[in-house]
Amino acid sequence: MSKAYDPAATEPVMWSKWMDSGAFHADPSRVLDGDAQPYTILIPPPNVTAALHLGHALNNSIQDILIRAHRMKGFETLWMPGTDHAGIATQTMVDKKLKEAGKPGIADYKKRELTGEPGREEFLKLIHEFKDEYEERITQQLMAMGCSCDWERQRFTMDDICARAVREAFFQLFKDGLIYRGKRLVNWDPVTQTALADDEVENEEVAGHFYYLRYPLVHQTEPGNHDPVTWSELVRRGYPDAENHPEDEQAWITVATTRPETYMGDTGVAVNPKDPRAKAVKGFFCELPIVGRVIPIIEDDYVVLPVKYGGQEGDTKAEMSTGFLKVTPAHDPNDWMIGQRHNLEPINIMAPDASISDQHGWDRETNKEGGHIFVGKSREDARKLVIEEFKARSVAEGSSGSLLERMVPYSHSVGHSYRSHAAIEPYLSDQWYCKVSDDKLRGNAQRALKPEQRTESSIKDWPESRPKMVADDTTDGTMNFFPARYAKTYENWHDNLRDWCISRQLWWGHRIPVWSRERMTSDDIEQLKLVLSVGYDPFSDEPDEPAISRTENEDGTVSMHVCFQNENNTDIKLFESAGFTRDPDVLDTWFSSALWPLSTMGWPDASAAKDSSGINDFESMLAAFNPSSVLTTAREIITLWVSRMTMFNRYFLGDDKAGKAPFKDVFIHAMIQDGEGRKMSKSLGNGVDPLDIIHSHGADAMRFTLCQMTTQTQDVRMPVEMDESTGKNTSPKFDIGRNLCNKLWNAAKFAMMMLEKNPVSAGMPIDPQELSLVDRWMLSRVAHATGAINTALRNYMFKDYADAIYDLLWRDFCDWYLESIKPTVADDANQAAVLRLVLDSILRLMHPVTPFITESIHERLSTIPMREVTGFSFDQTQSTGTLCQSGWPTPDQALRDEVAEEAYDRIRSLITLIREIRASNKVHAKRAIVLHVSGSLAEDITRWSPLVETLGNIKEVTSAEAPEASAAFVFEGSEYRLSDLADAVDASVEKERLTKELADLEKAIGGLKGRLSNPGYTDKAPEHLVNQTRGELEQKIQDRDSMKASLDKLG
RNA sequence: GGGCGGGUAGCUCAGUUGGCUAGAGCAAUCGCCUUACACGCGAUGGGUCGUGGGUUCGAGUCCCUCUCCGCCCA
């Protein structure tokens, strides 16, 4: 074996070995035949937009640890790999890359499409090429990390298998009325020109202004005819302060807005009914400056009262408010609600790119409205122009002050696209919605949660969300978050859930399987019935028939939407010939992600599932592996993903639409930040590439370090440094993992050298009682570590796992066990057998975290026969000669040897004392010294003397009187001496050391005495504690007295 | 505005129901190329546990106040 572990030489070889062994392939029949319990993890499919980052490395290391440990524990494990098509992200990424390369972008392909050329298809081909490249890269990365996925089953959210699931799910939801068409405000991204879901919008604080605009008041005598309202009229109606204005001038009200550019879309002004001015302006109208539209003043208690009229002091909104609110239903969600309540018409004044337009709902010319100067301006330019124009005008000719009353700086949060980072425009459009607020979706998601993780306040607001928990229920109350606090995030999300906008105006994604025809008259419908085959009723609800929904329009016409279950339905052509066209939009990426637990298992039709690689054993996958065991993911997608998977899994897998949750546990891992607590990102340049770390430190080193970092907190920090020699980012934290691997390598090298000298021969299991102290101690430590690791795995405490490995390998095995057995192992057959067994166990316990190095060492170790120790066995697995399929250690409780542990701990304390003296007297490591023992413990020490001699480099343990030139120490109350430290012992060094130790003892004695003289303590503290304190004090006094005696001798 | 996480040694983090002198790794210092490992071995120094208060015989741990950093939601 080489002097140092070489990951680059080892990892590819071990990887091939695993792939050849077929160890990662899951066999559902073993589960269904009862040969093994299933253990399943579905990979959170990484987006095909980029290579994996360190966060992925962490998440996938964790999953591999869980999978590998359970494989060794005898479970039939399935780790389902795959990637996500990431609709908007991928499409914008490809568009950007094309533009950077000077090639035509999506805008050009859209033009082609308009001229009848194949634009959409051609562009999708380009995205597919991009996807293939990144999918390959991601796969390579996961393999380089050692991820033991079932690679034969790798999926992609847009492959045929997944597409079938999406089609079926959409059809069922559509048919059940849980997908509907709605015209309402969406979060519109004007850059990518698509709608976004609420959770794809990020709020950012933006420094802007509050603009105070004056709207003149008018009477509307008849439509199109209006007269100014004068201040004197307002005085008569009791409008406060109206008397301070010239009485014959036109009166105005002031609205405050952060978005003056939307004023062209105003269709009302609202005032709070509690406002004292409300009565005075009742029945009046406002005339929109420049545009000239006359809009009503309505009363709505949504309007915030200004402080002057009853608003709360200190409330920023009340302090900013004028009491009058311009209502723009088509461009603000709150205004939309007000508009709904008061029948105000929404007027959309923007084009999809957010420029001002009179072509998308603002019928400016027909209504003879002004404002043409704003048309065509971007929303930013329009804002400037509106302000300019208002500033230059006054309410009426001759009146004082401009229409722009004032501007106040104001910073507020504005929604931005999580993809393009453009400010979101609330935009009126027709979209498809999934009715997730329905109890069959939301309710099932809530009820899936374990009762202990629900909060009473949530259940109180919504009693039907309480898990039913009938006997043998495997549906409600089964899902468990780790750490538990994240259940709250999940619960809270559902409490405030709104319907999910699932259509996206993109090309890259699952095309919506709906054909529509808008505004059909009753004649059209009769004609349609004729066009369709004789006897065919488009409104029937038979299986295999398309699902049809109708929306009644205001003008009495009907819009019809037809959803076909299969692409090859012959009726599609019929409907198309009747004027139906396919919806051009695609589905939100999360729609297919939400089906991941189903689509990857061949749902809905296992027998028909067959993918390009020819794998066709989906037959029992769903039954064997759904629900999965655990989902490990990042907290930011608890809502986007975890919730929706739960809804869909339960909805589609239950006869009564209340099936099983898709996973038993949900583990939310920490987020890796840089040393300053910032997110790792490309723009900050503080990211660390997993492949760089694999090259510099090895995959195992990276995995161990990540495992050790994974605590239960929500963020973990990783100081990032630039490696000067490679110009790449790295972190000193990975050295821990590399050093650990090297330690293991060398320990194994040494152990096998010993085993060559003293080969183990097979035979009957050894009775632990026949073993030496140190062997019994070591087995006890393995048993202890196994228990600690099992507990850590059960609770997803990965740091505890890493620490248990570290302590077992480095502290117990290397520092003490190997050092202890050096002189004896070559001649002690039992000891050699224990060494063989312990090393094997350590390899097995470490394997899930550091798979490559352990597999490599195991390959050599397995050539040496193993002789077992009674009580020390391994789980049954489908062994194929690889470590990754070898059994997990299952030591009996009886191997936990308290007596051996206590005795060995005493020896270690004694050795530590001896080493301290050696160090303070600068005794060379090679110089063997003499230990003089006396007192009651002399017998024990003599019995341990071979160990003491080895570990302390003692050449002789004697009861003979020590010579003058010797160093004293106190162990368990008695004085011991070390002699032959050097040719002469420096008395002053000795004196200094003993004096300091004496002072420490005195201090401790003082503390203990103080505690015991406090009656509060002796009366109230538990008796065993008080006794313990008394014993301690006694011991310290003995130590002190011995120490004093030693010091006295020095003079 | 609501919710959550965090503030413990120079750095990264442990610290279970309150109970030994608050721990580990790295870094630092000193000594060692001791025949597995210098990616190592032995030893040493280093902390008012964010602030202020409370409960208790006893608080890093429980309660309250304030403060700073970060995340999520509105």
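Please read these numbers as outputs of a predicted model, since none were measured by experiment. Just so we're on the same page: letters track the sequence lines, and every chain starts at 1.
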Work out how far the P atom of B:rU8 is from that of B:rA74, and round it to whole angstrom. 32 Å

In whole angstrom, give the distance that lies between atom CG of A:Leu809 and atom P of B:rG40. 12 Å

Using the C1' atom in both, what is the distance from B:rG47 to B:rU65, to the nearest Å? 25 Å

Side chain to side chain contact (heavy atoms under 4.5 Å, CB included) filter on A:Ala788, not counting sequence neighbours, yields A:Ala804

Using atom CG of A:Leu744 as one end and atom C1' of B:rC39 as the other, report the distance to the nearest whole Å. 13 Å

What's the CD1-P distance between A:Ile637 and B:rC71, to the nearest Å? 18 Å

Which nucleotide wins on minimum distance to the side chain of A:Arg717, given the candidates B:rC69, B:rC37, B:rC39? B:rC69

Using the test side chain to side chain donor-acceptor pair (under 3.5 Å), find all partners of A:Ser820 that sit at least two apart in sequence or belong to another chain. A:Tyr904

If we take the C1' atom in both B:rC20 and B:rU51, what is their distance in whole Å? 29 Å

Roughly how many Å apart are B:rC64 and B:rC69, using the P atom of each and rounding to a whole number? 23 Å

Output the rounded distance in Å from CG (A:Asp495) to P (B:rG2). 18 Å

Name the pairs: protein N/O against N/O of nucleotides 3-8 of chain B, kept only if under 3.5 Å.
residue : atom : partner  : partner atom : Å
B:rC4   : OP1  : A:Lys488 : NZ           : 3.2

With sugar-phosphate meaning primed atoms plus P, OP1 and OP2, does A:Lys743 contact a base, only sugar-phosphate, or nothing at under 4.0 Å between heavy atoms? base

What residues form a salt bridge (charged side-chain N to carboxylate O under 4.0 Å, His left out) with A:Arg498, not counting sequence neighbours? A:Asp198

Taking salt bridge (charged side-chain N to carboxylate O under 4.0 Å, His left out) as the definition, give me every residue that meets it alongside A:Glu972, ordered by chain and number, with sequence neighbours left out. A:Arg906

Under 3.5 Å, which donor-acceptor pairs link side chains of residues 702-712 of chain A to any protein atom two or more places apart or in another chain?
residue  : atom : partner  : partner atom : Å
A:Arg703 : NE   : A:Val849 : O            : 2.9
A:Arg703 : NH1  : A:Asp64  : OD2          : 2.8
A:Arg703 : NH1  : A:Met145 : O            : 2.8
A:Arg703 : NH2  : A:Asp64  : OD2          : 2.8
A:Arg703 : NH2  : A:Pro848 : O            : 2.8
A:Thr705 : OG1  : A:Ala701 : O            : 2.9
A:Thr705 : OG1  : A:Lys733 : O            : 3.4
A:Thr705 : OG1  : A:Gly737 : N            : 3.4
A:Gln708 : NE2  : A:Asp803 : OD1          : 3.4
A:Thr710 : OG1  : A:Leu706 : O            : 2.8
A:Thr711 : OG1  : A:Thr713 : OG1          : 3.0
A:Gln712 : NE2  : A:Tyr796 : O            : 3.1

Using heavy atoms to find the nearest nucleotide of RNA chain B for A:Arg635 and A:Asn1014 separately, return the residue whose nucleotide is more 5′. A:Asn1014

Whole-Å distance between B:rA14 P and A:Met709 CE? 10 Å

Donor-acceptor side-chain pairing of A:Tyr817 and A:Asp812 below 3.5 angstrom: no

Rounded to whole angstroms, how far apart are CZ on A:Phe481 and C1' on B:rC72? 14 Å

Between B:rA59 and B:rC71, how many Å separate the two C1' atoms, rounded to a whole number? 29 Å

At 4.0 Å (heavy atoms only), tell me whether A:Cys741 reaches a base, stays on the sugar-phosphate, or touches nothing. nothing

Of all the nucleotides listed (B:rU34, B:rC37, B:rC13), which has the minimum atom distance to the side chain of A:Thr711? B:rC13

C1' gap between B:rA27 and B:rU35, integer Å: 31 Å

Between P of B:rC39 and CD1 of A:Ile853, the distance in whole Å: 16 Å

For A:Glu859, salt bridge (charged side-chain N to carboxylate O under 4.0 Å, His left out) partners two or more places apart: A:Lys17

Can you check each nucleotide of nucleotides 17-32 of chain B against protein heavy atoms at under 4.0 Å and return B for base, S for sugar-phosphate only, - for none, in 5' to 3' order? --BBB---S------S

Using the P atoms only, state how far B:rC41 lies from B:rC4, rounded to an integer number of Å. 44 Å

For A:Glu1002, enumerate each residue passing the side chain to side chain donor-acceptor pair (under 3.5 Å) test, keeping only those at least two apart in sequence or located in another chain. A:Arg1040

Verify whether one side chain among A:Thr730 and A:Glu721 offers a donor that lies under 3.5 Å from an acceptor in the other. no

Are the aromatic rings of A:Tyr806 and A:Tyr801 close, with centres under 6.0 Å apart? no

List for me each residue that meets side chain to side chain contact (heavy atoms under 4.5 Å, CB included) alongside A:Ser909, sequence neighbours excluded, and say none if there are none. A:Phe971

A:Arg908 has an atom CZ; how far is it from atom C1' of B:rG42, in whole Å? 15 Å

Using a 4.0 Å heavy-atom cut-off, does A:Glu491 contact any base of the nucleic acid, only the sugar-phosphate backbone, or nothing at all? nothing

Of A:Val930, A:Val923, A:Leu931, which is the lone residue that meets side chain to side chain contact (heavy atoms under 4.5 Å, CB included) with A:Asp980? A:Val930

Under the salt bridge (charged side-chain N to carboxylate O under 4.0 Å, His left out) rule, collect the residues that match up with A:Asp807, sequence neighbours excluded. none

Would you mind classifying the nucleic acid contact of A:Asp803 as base, sugar-phosphate or nothing, using non-hydrogen atoms under 4.0 angstrom? nothing

Between A:Ala748 and A:Arg738, name the one whose nearest nucleotide on RNA chain B is closer to the 5' end. A:Ala748

Salt bridge between A:Lys488 and A:Asp495, side-chain N to carboxylate O under 4.0 Å? no

Please give the distance between the C1' atoms of B:rU61 and B:rA22 as a whole number of Å. 11 Å

Phosphate contact (B:rC41 OP1 or OP2) by A:Lys822 side-chain N/O below 4.0 Å: no

For RNA chain B, report each stem as range with range, ordered by first number, or say none. Use Watson-Crick or G-U wobble pairs under 3.5 Å, at least 3 in a row. B:1-7 with B:67-73, B:10-13 with B:23-26, B:28-32 with B:40-44, B:52-54 with B:62-64

